[in-house]
Amino acid sequence: MPYDHKKIEKKWQKEWEKSGIYKTPDEVKGKENFYTLVEFPYPSGNLHTGHWYAFSVPDIFARKKRMERKNVMFPIGFDAFGLPAENAAIQRKINPKKWTYENIDYMRKQIKSMGASFDWTREVITSDPEYYKWTQWIFLKLFEKGLAYQAETPVNWCPKDKTVLANEQVVGGKCERCGTEVVQKNMKQWMLKITDYAERLLSGLDKLNWKEEIKEAQKNWIGKSEGAEIDFEVKNSKEKIKVFTTRPDTLFGATYMVLAPEHPLISNFKSQISNFKEVEKYITEAKKKTQLQRQKEEKEKTGVELKGIKAINPANKEEIPIWIADYVLMGYGTGAIMAVPAHDERDFEFSKKFNLPIVDRPLIDKDEIVKKVGGKKVIQYRLRDWVVSRQRYWGAPIPVIHCEKCLTQAVPEKDLPVLLPEIKDYKPRDDGKSPLAKAEKWLKVKCPTRLPDGQECGGNAERETDTLDTFVDSSWYFLRYCDPKNPKAFASAEKLKTFMPVGLYSGGAEHTTMHLLYSRFFYKAMFDLGLVPKELGDEPYLERRNRGIILGPDGQKMSKSKGNVIDPDEYVEKFGADTVRMYLAFLGPYNEAGSYPWNQQGILGIKRFLDRVWKITSPRSSTLGVESPKTPSVFPRSDVARLLHKTIKKVGEDIEKFSFNTAISALMILLNEMEKVGASAEDFGVFLKLLAPFAPHLTEEIWSKLGNKNSIHTEEWPKYDPKLIEETTFELIVQINGKVRDKFEAPAGISEAEATSLTLSREKVKSILGDKKPSKIIFIPRRLINFVI
RNA sequence: GCCGCGGUGGCGGAACUGGCAGACGCACAGGACUCAAAAUCCUGCGAGAGCAAUCUCAUGAGGGUUCGACUCCCUCCCGCGGCACCA
């Protein structure tokens with residue numbers, strides 16, 4: 001009989017909630033604290049398969065750690081501000097706040113249906129004023145230190161979402177959220193100086209226990225390159241043009257220079273450039289192109305010579321022409337290059353197209369030439385400062401005030417949080433202004449700045465109307481979990497010390513160069529500001545593991561338009577939460593960037609397994625506690641014990657590695673064996689404990705049916721006996737010339753001489769060897785013997 | 001183009017530190033139970049040859065090291081991911 005998953009699962013979820021067994025105290029005597037974290041979800045409205053994969057599988061790990069007597073913090077919350085929620089609300093013509101909080105209520109229920117061991121008393125919602133007060137507070141700390149600043153720069157503008165985006169949110173020239181092609185605009189925006197931390201973000205990776213591919217992705221994003229800055233004089237002028245090059249050793253081969261079309265020096269030479277009209281035209285054209293267009297036009301080079309001016313190659317004093325071309329980018333290096341067509345593919349192409357000279361001069365000592373021409377060694381990073389202001393409603397208001405007299409001022413700490421006002425029209429606008437700009441009452445304030453005489457300025461002022469990017473909210477949420485209700489601080493130093501740093505952080509690969517990079521930066525900056533206790537170090541996550549993605553049954557990414565979306569609720573209804581979570585864990589190794597198609601048949605295998613676990617304990621067919629005289633034992637009793645202890649070892653080690661699939665396979669093998677030869681009640685209890693993290697409801701039900709009063713989840717994780725695992729015999733593989741020809745059971749401690757004579761007495765071996773003598777014998781204890789003839 | 005990860009049956013995937021390739025599960029085939037079906041249980045299941053014991057081939061391709069290679073080295077092909085006219 002299959003078990004009644006609906007009844008059982010509901011019953012225990014209620015029971016756990018009542019008893020609060022997953023509540024994590026700050027400290028427990030004699031227990032070590034362990035912080036395991038999963039990325040909190042957007043309240044998008046419905047829990048999908050990806051959420052199940054993201055939450056219920058790492059829950060196995062959290063549960064096992066708890067059974068290992070660790071004081072495990074496994075918190076959850078909602079990343080509730082930001083575009084996804086807001087866009088969905090607008091689409092449905094609902095107020096974003098109402099929409100978000102209704103979704104949270106619904107999704108909270110859905111998440112609870114997983115039977116995950118989250119501590120809900122630590123729940124954090126980033127759109128709660130109690131939370132974003134501290135987002136604003138931290139922002140102001142960065143502002144005080146000059147790490148948050150406002151500046152006019154070229155930024156990415158998404159015409160559909162009508163807001164600026166950070167570089168990290170532009171993927172292949174398109175908006176990461178809606179896929180619209182972004183355009184470049186010059187706008188005054190708030191930015192965070194993440195570039196100040198480029199080197200530490202890079203070098204900090206070394207000591208982290210992260211997979212190579214995750215580290216590499218961050219390294220590529222930061223994009224360090226070492227080179228030199230060298231000044232080129234402009235003939236008949238005092239101006240110099242600074243170039244950045246990673247190959248100063250090729251300086252003698254520089255036959256021309258190229259400036260980015262946006263280079264500020266161009267206008268200085270207006271009077272000397274004879275073809276200025278043509279130059280201007282080129283600049284205008286270049287500005288019109290989007291990032292994507294510049295990329296799309298492949299490697300077809302365009303450019304215009306600045307006629308009438310020449311530069312001097314500082315190495316050989318030769319006069320060289322100056323060009324402008326859009327293959328040189330203003331945003332990188334100095335926005336100017338020395339072109340060495342003999343050594344650089346792009347320069348080569350350009351010079352071929354425009355008939356510029358190509359000379360192949362011998363290379364020269366790097367360091368020496370830089371010194372000789374008065375250049376200096378510099379390091380460049382690809383990383384740009386993080387644009388955090390958004391022209392959108394649903395976010396934390398940036399807590400500053402613009403006064404006519406005092407200019408831009410921080411909102412005093414006592415006035416935090418700056419509450420997000422309720423407004424009627426929260427739709428984004430085309431003019432680059434936030435919808436908050438229309439909230440007149442909220443907008444106009446008296447300047448609160450204290451003047452030197454102690455008086456408040458009191459002048460006419462306006463609030464900043466942009467809101468903060470969601471990624472700012474999520475850059476510190478893991479700290480709030482440590483002290484979620486604290487009204488006096490974002491988290492006390494004491495509480496931070498009890499749980500930070502995060503022991504294991506599990507999440508999606510898509511966050512590698514966004515959230516993961518941002519939050520590392522935040523933590524480092526907060527560390528420097530003394531907000532994070534020194535002894536914790538400046539890295540928030542000791543270990544990071546990325547999960548793969550679950551595809552539709554057709555092997556394609558799930559999407560409504562393809563009609564291949566799997567609704568987890570449907571499967572929970574049919575088979576139960578235990579089956580769904582265990583199936584997801586069984587699909588393949590979790591800690592890999594792979595992708596697994598959902599197999600509608602495959603889930604049946606897990607369902608069958610759990611039904612068999614149930615059946616083995618039901619009175620009729622039970623072999624529990626019975627020495628089972630009817631089923632003749634194929635294996636001696638000690639072999640079941642051996643398998644049991646091997647399984648304890650394997651399941652434990654596999655969970656640590658996130659190899660849940662092989663752990664489950666080991667449990668299946670053990671069950672198969674116990675069905676065959678029976679098991680004592682005690683042994684079965686051990687099996688149940690091993691299964692408990694995977695199927696928390698079913699195991700709890702059986703555990704209580706077996707007469708236990710406590711929860712199985714508060715039991716101690718079984719220990720294996722190393723002596724029991726040791727085999728007394730092994731199967732000796734007999735190879736002849738490296739090919740397996742025979743195998744037989746031999747004592748574990750057998751010597752080479754014994755093994756040789758035993759093997760040579762085997763009929764099979766005799767018949768193959770004939771009268772040939774082995775020229776060499778290789779004996780590997782506990783494994784094989786190989787005769788070379 | 002640079003960097004990283006990977007390529008194993010019909011499918012998802014196993015395989016210690018170089019030592020029986022294909023654990024476990026799905027699918028499939030045959031059988032038991034049943035009036036019948038579902039469910040369940042048992043057996044088989046990489047390819048080829050053979051009545052069979054067994055033999056040969058086989059981990060993307062080709063070479064190498066080794067008594068022995070999915071595993072190490074070289075060359076190449078393919079897939080996925082990051083970066084990319086970044087000087």
Applying side chain to side chain contact (heavy atoms under 4.5 Å, CB included), name anything that partners A/Lys242, two or more places apart in sequence or on another chain. A/Glu229, A/Asp231, A/Thr334

Separation of atom OH in A/Tyr3 from atom P in B/U40, rounded to whole Å: 14 Å

Could I get the full list of ring pair (Phe, Tyr, Trp, His ring centres under 6.0 Å) partners for A/Tyr53, not counting sequence neighbours? A/Tyr590

Could you tell me whether A/Ser225 contacts a base, only the sugar-phosphate backbone, or nothing, with contacts defined as non-hydrogen atoms closer than 4.0 Å? sugar-phosphate

Hits for salt bridge (charged side-chain N to carboxylate O under 4.0 Å, His left out) against A/Glu213, two or more places apart or cross-chain, chain-then-number order -> none

Per-nucleotide protein contact string for nucleotides 19-31 of chain B, where B marks a base within reach and S marks sugar-phosphate only (heavy atoms under 4.0 Å, - for neither): BB--BBSSS----

When you measure from the side-chain N and O atoms of A/Arg741 to the phosphate of B/U54, is any distance below 4.0 Å, counting only OP1 and OP2? no

With sequence neighbours excluded, what pairs up with A/Glu731 under the salt bridge (charged side-chain N to carboxylate O under 4.0 Å, His left out) test? none

Sequence-distant partners of A/Pro589, side chain to side chain contact (heavy atoms under 4.5 Å, CB included), two or more places apart: A/Glu592, A/Tyr596, A/Asn661

In short, side-chain hydrogen bond (donor to acceptor under 3.5 Å, both in side chains) pairs touching residues 736-750 of chain A with sequence neighbours left out are A/Thr729-A/Glu745, A/Asp742-A/Arg762

Determine the Euclidean distance between corresponding C1' atoms of B/C28 and B/G10; express it in Å to zero decimal places. 9 Å

Categorize A/Pro2 for me: base, sugar-phosphate, or nothing, with a 4.0 angstrom heavy-atom threshold over every strand shown. nothing

Counting any heavy atom closer than 4.0 Å, what does A/Tyr596 reach on the DNA or RNA strands: base, sugar-phosphate only, or nothing? sugar-phosphate

5'-most by nearest nucleotide on RNA chain B - A/Tyr381 or A/Phe787: A/Phe787

Quick test: give all pairs of protein nitrogen or oxygen and nucleotides 1-5 of chain B nitrogen or oxygen below 3.5 Å, distance rounded to 0.1 Å.
residue, atom, partner, partner atom, Å
B/C3, O2', A/Glu216, OE1, 2.7

With sequence neighbours excluded, what pairs up with A/Asp4 under the salt bridge (charged side-chain N to carboxylate O under 4.0 Å, His left out) test? none

Kindly say if A/Tyr332 contacts the phosphate of B/A87, meaning a side-chain N or O under 4.0 Å from OP1 or OP2. yes

Stems for RNA chain B (at least 3 consecutive Watson-Crick or G-U pairs, under 3.5 Å) come to B:1-7 with B:77-83, B:10-12 with B:24-26, B:28-32 with B:40-44, B:46-49 with B:54-57, B:60-64 with B:72-76

Check side chain to side chain contact (heavy atoms under 4.5 Å, CB included) between A/Arg382 and all other residues, then give those that pass, not counting sequence neighbours. A/Trp221

For A/Lys215, which contact category applies under a 4.0 Å heavy-atom criterion: base, sugar-phosphate, or nothing? nothing

Is A/Lys377 paired with A/Asp367 through a side-chain N to carboxylate O contact shorter than 4.0 Å? yes

Those residues that, when tested against A/Glu754, pass salt bridge (charged side-chain N to carboxylate O under 4.0 Å, His left out) (two or more places apart): none

